[in-house]
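For reference, the structure discussed in these notes is given below.
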Number of protein chains: 2
Amino acid sequence: MSEQSTFMKLRQDEREVRKQLIISAAMTLFDERSFHEIGMRDIAAEAGVSAASIYRYFPSRDDLFVEALIQDINNIEGELEKRIGEGGSLDELAIAVVDYLIDNESTFQMMCHFMIRGEVNERALKKFNAVQRYFLNMFDEALKKAEGAENIRFFTHAFFASLAGVVLTFRNYPGKSNEEKRQYMHRLALHIIKKGNEIIDSDGNIN
Amino acid sequence: MSEQSTFMKLRQDEREVRKQLIISAAMTLFDERSFHEIGMRDIAAEAGVSAASIYRYFPSRDDLFVEALIQDINNIEGELEKRIGEGGSLDELAIAVVDYLIDNESTFQMMCHFMIRGEVNERALKKFNAVQRYFLNMFDEALKKAEGAENIRFFTHAFFASLAGVVLTFRNYPGKSNEEKRQYMHRLALHIIKKGNEIIDSDGNIN
DNA sequence: TGTACATCAGTGAACGCGCGTTCACTGATGTAC
DNA sequence: TGTACATCAGTGAACGCGCGTTCACTGATGTAC
């Protein structure tokens, strides 16, 4: 029994490794083009397996993408913490988030995909919701460090939502170079958060 | 020549009427389900014509959708002005915008579609960019009335982007009723714009 | 050591379907002379 | 008043293709006895 479970565990570990390989392949492709344009056959080719194999590890395309999203968000967590560091300011955090959303186009698009949804399967959606919560919790922590406020959930929501909106709206604004757009989004982000933190200590009620 | 041009004009007018019929059919469907789920055949059936006919009036699906978007935004303009009225406050405008984005799901989704894009044809994209500019100009006017500030373009951008982000992020936030979500988005919107208007008179530079 | 059986990774090929778009054609309406 | 021709709205049917997903099968590895 003990030996068998060890064996099972090994097998399970290998499974995880292969799953990881597929996710990594997907993420490699995300850097090249929009996730809408990436099919199961593309990911399979990148990972060096057949498309059918992917279905041994993920029940559907959306499920695979959600897991990739989780990975991506895990990656950013460390990065954000690095950029904020111990004495990082709220401004720095905002800029870091905007840059992240700009530079990880597919991640951003996937987030939009699941947030706007309308036809995503229940299972994948549940996973996404968990990621979303986790993601926002992460900001809670970061914002606590940067601001030291108490009831922060409401502020976190306002913070993240408005930054996402900035990137959504100006990511492809015509007639500007990418660098100009980035600068402009930074300015917008700083402008928007400039005041929000002043009433952060309230419980967020407005009534 | 004069008679012919009159005739041509009549014909042209009829063409416009038919175009309008197709757009109206599309907009009727938008109230029922997500625009992603609406195909050319659906729109054709709703308009009482064949799918092939649509291509006599619109070069592509995206072009049709952009024109529908234009109509929809034209509709909202009057509505917003009504809600803001002469003495409408900035708060009222923000609430109105959030409600609009919530209640016109397809419009919002189409905006996201074109803003995130990646595979939309050039022609449709140009039209969309024109709409977007027009839309933001509209806010400039509304905000000028509500706030009376001068250099308002930057503020308009921050205003609209953050509200769009709020709706994007919380439109489908799990575990809440629709009414709760609406209330919550209102609170977020009010929180976010609360301070922005104080430094509205600056030129928006941060440096 | 050998045989029968279970488990599971992996796959090429095909399924199935949706869906945007095009084609070849009909029919109505107007113009030229 | 009549005939030949041009213009254009409208359409049923098909094209074409992408793409997520499933199927039937192979082969390797481990277990039971």
Side-chain angles (χ1 to χ4, degrees), chain A residues 1-22 25-26 29 33-68 110 113 118-124, chain B residues 1-22 25-26 29 33-68 110 113 118-124:
Chain A
M1 182 64 186
S2 166
E3 275 178 358
Q4 194 201 25
S5 84
T6 302
F7 170 70
M8 292 290 274
K9 189 166 179 316
L10 275 175
R11 180 124 82 179
Q12 192 58 35
D13 287 349
E14 280 172 39
R15 241 190 100 82
E16 283 308 314
V17 171
R18 292 195 199 95
K19 240 181 126 167
Q20 188 50 50
L21 261 163
I22 294 167
L29 294 178
R33 54 205 143 103
S34 158
F35 100 102
H36 286 111
E37 298 166 320
I38 297 172
M40 297 305 260
R41 286 168 183 77
D42 300 316
I43 297 170
E46 178 71 29
V49 296
S50 76
S53 289
I54 296 180
Y55 287 87
R56 293 231 160 246
Y57 298 93
F58 304 93
S60 80
R61 184 174 180 264
D62 272 330
D63 287 85
L64 164 56
F65 282 172
V66 169
E67 300 228 19
M110 278 193 288
H113 169 69
E119 0 56 54
V120 183
N121 78 68
E122 209 56 40
R123 189 182 347 96
Chain B
M1 183 63 187
S2 166
E3 276 178 357
Q4 192 202 25
S5 82
T6 302
F7 169 72
M8 293 290 275
K9 189 168 178 316
L10 276 174
R11 180 125 80 179
Q12 191 59 35
D13 288 349
E14 281 173 39
R15 240 190 100 81
E16 284 306 316
V17 171
R18 292 194 199 96
K19 239 182 125 167
Q20 188 50 51
L21 262 163
I22 294 167
L29 294 179
R33 54 204 142 104
S34 158
F35 100 102
H36 286 112
E37 298 166 320
I38 297 170
M40 298 305 261
R41 287 167 184 79
D42 300 317
I43 297 169
E46 178 72 29
V49 297
S50 75
S53 289
I54 296 180
Y55 288 87
R56 292 231 161 249
Y57 299 92
F58 303 93
S60 79
R61 185 173 179 263
D62 272 331
D63 287 84
L64 164 56
F65 282 171
V66 168
E67 300 228 18
M110 278 193 288
H113 169 70
E119 1 54 56
V120 182
N121 78 67
E122 209 57 42
R123 188 183 347 95

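Order of the sequence lines sets the chain letters (A, B, ...), proteins ahead of strands, with each chain counted from 1.
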Using atom CD of A:E14 as one end and atom P of D:dA28 as the other, report the distance to the nearest whole Å.
16 Å
Using a 4.0 Å cut-off on heavy atoms, which residues in residues 39-48 of chain B reach DNA chain C? List them by number, or say none.
B:G39, B:M40, B:R41
Which whole-number value in Å describes the distance from A:E37 CD to D:dC17 P?
18 Å
B:D13 atom CG is separated from D:dA9 atom P, nearest whole Å, by 13 Å
Output the rounded distance in Å from CG (A:N121) to P (D:dG20).
14 Å
Going by side chain to side chain donor-acceptor pair (under 3.5 Å), name the residues that satisfy it together with A:Q20, two or more places apart in sequence or in a different chain.
A:S24, A:Q71
Contacts satisfying salt bridge (Lys or Arg N to Asp or Glu O under 4.0 Å) that involve residues 47-68 of chain A (not counting sequence neighbours) are A:K19-A:E67, A:D63-A:R123, A:D63-A:K127, A:E67-A:K127
When rounded to the nearest 0.5 angstrom, what is the spacing between OG in B:S60 and CE in B:M40?
7.0 Å
At less than 4.0 Å, is any side-chain N or O atom of A:R61 found next to OP1 or OP2 of D:dT21? Yes or no.
no
Rounded to the nearest Å, what distance is computed from the CG atom of residue B:D63 to the P atom of nucleotide C:dG20?
13 Å
In whole angstroms, the gap separating P of D:dC19 from CD of B:E119 amounts to 11 Å
Check: residues 41-48 of chain A side-chain donor-acceptor pairs under 3.5 Å, at least two apart:
from: A:D42; atom 1: OD2; to: A:G39; atom 2: N; distance (Å): 2.8

Output the pairing pattern of DNA chain D as a dot-bracket string, 5' first, Watson-Crick or G-U wobble with both distances under 3.5 Å, | for cross-strand pairs, [ ] for crossing pairs.
.||||||||||||||||||||||||||||||||
DNA chain C contacts made by residues 51-58 of chain B, counting heavy atoms under 4.0 Å
B:A52, B:Y55
Is the number of heavy atoms from other residues, nucleotides or ligands within 6.0 Å of CD (B:E119) greater than 12?
yes
Hey, could you give me each pair passing ring-ring contact (aromatic ring centres under 6.0 Å, His included) that has a residue in residues 36-67 of chain A? Not counting sequence neighbours.
A:F30-A:F65, A:F35-A:F65
Heavy-atom closest pair, residues B:L64 and B:I22
CD1-CG2, 4.1 Å
Within this structure, what is the CD-to-C1' distance between A:E16 and C:dC8, rounded to whole angstrom?
16 Å
